[in-house]
Amino acid sequence: MIEAKGLTKIYGDKTAVDAVSFTVEAGRVTGFLGPNGAGKSTTMRMIMGLDRPTSGSVTVNGVPFAKHVAPLREIGSLLDAKAVHTGRTAYNHLLAMAATHSIPKKRVNEVIEMTGLSEVARKKVKGFSLGMGQRLGIAAALLGDPQTVILDEPVNGLDPEGVVWVRNLAKYLAAEGRTVFLSSHLMSEMAVTADHLIVIGRGRIIADAPIQEIINGKGQSRARVRTDQPEHLMNILAGDGVAIQVQEPELLEVTGLDPRRIARIALENRVMIYELTPLQASLEEAYMELTKDEVEYHSLITAGAPTPVQAGGN
Amino acid sequence: MTTSNVNTSSLNPSTPAPSRRGTAAGVGPGPSFLRVLNSEFIKFRTLTSTLILLACTLLVMVGFGALTGWGTGTFAEQALSDPEAAAAIAAQGGDLAITVPTSGIAFAQLILGSLGVLLMSSEFTTGMARSTFAAVPKRLPAFVAKLIVVVVASFVLTAVSSFLAGLVALPILDSYDLKLDLASSQSVKLLLVSSVYVAAVAAIGLALGSIIRNSAGGIMSLVGLFFVAPIALQIIQGDVAKEIRKYLPGNTVEPMTAVKHLPDTLEVWQAALVLGAWVVVPVILAMVLLKKRDV
């Protein structure tokens with residue numbers, strides 16, 4: 001479990017991470033989503049003790065990273081595919097890292113095999129593609145068989161097969177009860193990998209909720225309704241919290257009523273509807289909505305979802 | 001390199017990564033100092049660039065031994081009429097050949113000092129530091145381990161290559177009727193002091209690399225300290241410049257190896273202290289900054 005409390009990082013006059021608090025629970029994949037420069041990597045570096053927080057604190061399993069007796073066995077991290085001296089071979093890189101914790105050569109070979117690096121392990125990292133570098137970074141992260149795995153943009157540069165592999169690996173590790181925290185700026189990737197999502201924008205947590213809730217957005221259902229009596233239908237559907245948009249002469253988009261309710265009202269009032277389609281926002285839309293305006297966003301999330309919502313900048 | 005030539009059998013989603021201990025993580029040995037030292041030694045010997053620099057040092061030292069052996073021979077024939085040469089000879093008690101084995105240390109110090117810079121600066125320029133300090137979050141053990149590796153390697157390499165240089169120079173000197181006893185106490189003293197000195201320069205390099213975090217910048221400051229500063233202070237006239245020159249790290253070897261005290265140099269104990277300070281101050285500064293700064 002990773003716990004951040006009021007974590008802040010200020011570089012000069014730029015606040016990269018602004019008093020964020022969140023908890024990454026064990027046993028599920030937690031996605032860390034945000035546009036480039038939102039503060040994802042800085043937050044992850046602070047978790048790993050590489051950057052010192054300006055204020056606030058972050059612990060892993062209750063202890064600051066640097067205080068762990070065997071850090072590599074506690075947390076594995078891929079912070080940057082290029083956290084390697086490119087003049088060294090992949091095998092020797094892993095061997096040197098393993099030596100700090102007396103991790104046997106057998107395990108080094110195991111993670112090389114696991115990440116599909118067997119054929120290039122004896123070659124210098126200099127010649128590696130971005131995808132190869134990512135695999136080596138993941139191999140290094142798994143070296144200590146850690147309880148907590150932090151992966152910063154793990155699918156960057158991977159081929160489709162590699163993307164699927166990382167996705168399954170993340171889910172598998174979480175199913176084993178491990179804490180899995182992975183960042184991405186690719187919303188579509190998060191939608192299929194993460195169980196829980198922490199969205200960050202301009203250094204603040206915008207949302208912290210199960211992925212389904214974020215996709216549902218306001219928690220209000222939307223439906224597309226086609227009818228030959230649009231005006232009459234609009235009148236009978238109108239009410240508190242219901243918004244209706246006329247998109248085409250006979251096409252309405254109704255927000256705030258679930259399809260069953262719309263159908264019932266229409267039936268009771270003898271209005272014929274010839275299409276009733278529940279609409280679900282894609283994560284992408286939800287994300288755009290979330291990040292387009294941080295202020296609007298606060299009310300947006302808290303209004304609908306009675307779930308833990310972290311408003312940034314407390 | 002494309003991914004197509006890589007074994008992808010392990011990527012089958014139905015066979016995810018095997019785990020050794022399930023979720024019982026955090027169990028097992030952590031980064032004790034000996035393990036970190038072992039890790040840094042692996043890192044030291046697995047870089048081709050490091051091995052090339054070590055080989056260059058050996059080559060330069062032995063090459064200069066041979067060259068100086070020959071030069072000394074021809075020089076001895078005309079030395080009687082040259083006052084400057086006579087003074088240099090006097091510093092070694094009239095023994096011309098004694099400094100031949102260590103004649104390459106001016107270059108050895110440059111190569112091994114640069115190696116010291118690179119060992120630390122490359123951590124930061126390549127991003128390796130993130131891996132290193134994720135494994136050793138206390139940071140200082142990794143730095144001290146690197147320091148030990150580079151100091152020991154520089155000392156041993158300088159000592160061995162000086163001895164080899166002496167062996168190569170022996171027959172050359174012999175042809176000029178000059179005698180060199182590699183087992184004499186003055187020979188051993190020269191070899192040991194020179195090796196300690198080169199090791200000290202490597203340590204200064206490591207500290208500079210850690211402070212500056214940039215390979216070119218680190219090497220340039222090293223060159224500035226050991227090559228530019230002495231020449232600049234020689235050009236500047238006056239007692240102040242003359243006094244400062246005595247305290248440059250590069251001017252501490254001569255007083256420590258001279259048979260008798262030379263004018264305008266430090267006493268042996270002073271020279272040792274000055275060289276020690278040139279190592280300790282940057283090393284401590286590097287350690288403080290390494291602990292404090294973000295990686």
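Below, chains carry the letters A, B, ... as their sequence lines are ordered, and counting in each starts from 1. Since this is a predicted model, take the numbers as computed values, not measurements.
Of the residues listed (B:Val198, B:Leu164, B:Thr158, B:Val160), the one engaging B:Met61 in a side-chain contact (heavy atoms from CB on, under 4.5 Å) is B:Thr158, and it is the only one. With B:Glu123 as reference, B:Lys146 is the one residue of B:Lys146, B:Arg139, B:Arg213 to meet the salt bridge (charged side-chain N to carboxylate O under 4.0 Å, His left out) rule.
A heavy-atom distance below 4.5 Å is not found between the side chains of A:Val166 and A:Gln134.
Of the two parts of B:Ser49, neither the backbone nor the side chain holds a non-hydrogen atom closer than 4.5 Å to a non-hydrogen atom of chain A. Neither the backbone nor the side chain of B:Thr132 comes within contact range of chain A, judged by heavy atoms closer than 4.5 Å. Looking at B:Lys43, the atoms closer than 4.5 Å to chain A (heavy atoms on both sides) sit in the backbone and in the side chain alike. Proximity to chain B is limited to the side chain of A:Lys9, based on heavy atoms less than 4.5 angstrom apart. The contact between A:Tyr11 and chain B is made entirely by side chain atoms (from C-beta outward), counting heavy-atom distances below 4.5 Å.
Between chain B and the residues A:Arg45, A:Arg167, A:His93, A:Lys171, the largest count of heavy-atom pairs under 4.5 Å involves A:His93. In terms of non-hydrogen atom pairs under 4.5 Å with chain B, the most contact-rich of A:His68, A:Met48, A:His101, A:Lys67 is A:His101. Between chain A and the residues B:Thr46, B:Thr48, B:Thr125, the most heavy-atom pairs under 4.5 angstrom are made by B:Thr46. Interface remark: of the candidates B:Arg293, B:Arg45, B:Lys292, B:Lys292 forms the most heavy-atom pairs closer than 4.5 Å to chain A.
Ring geometry, A:Phe32 versus A:Phe22: the interplanar angle falls from 30° to 60°, so the pair is classed tilted.
By the neighbour-count criterion of 12 heavy atoms within 6.0 Å, atom NZ of B:Lys291 is densely surrounded, having more than that number from other residues, nucleotides or ligands. Within a 6.0 Å sphere centred on CZ of B:Phe41, heavy atoms belonging to other residues, nucleotides or ligands number 12 at most.
A salt bridge does not link B:Arg130 with A:Asp51: none of the charged nitrogens is closer than 4.0 Å to a carboxylate oxygen.
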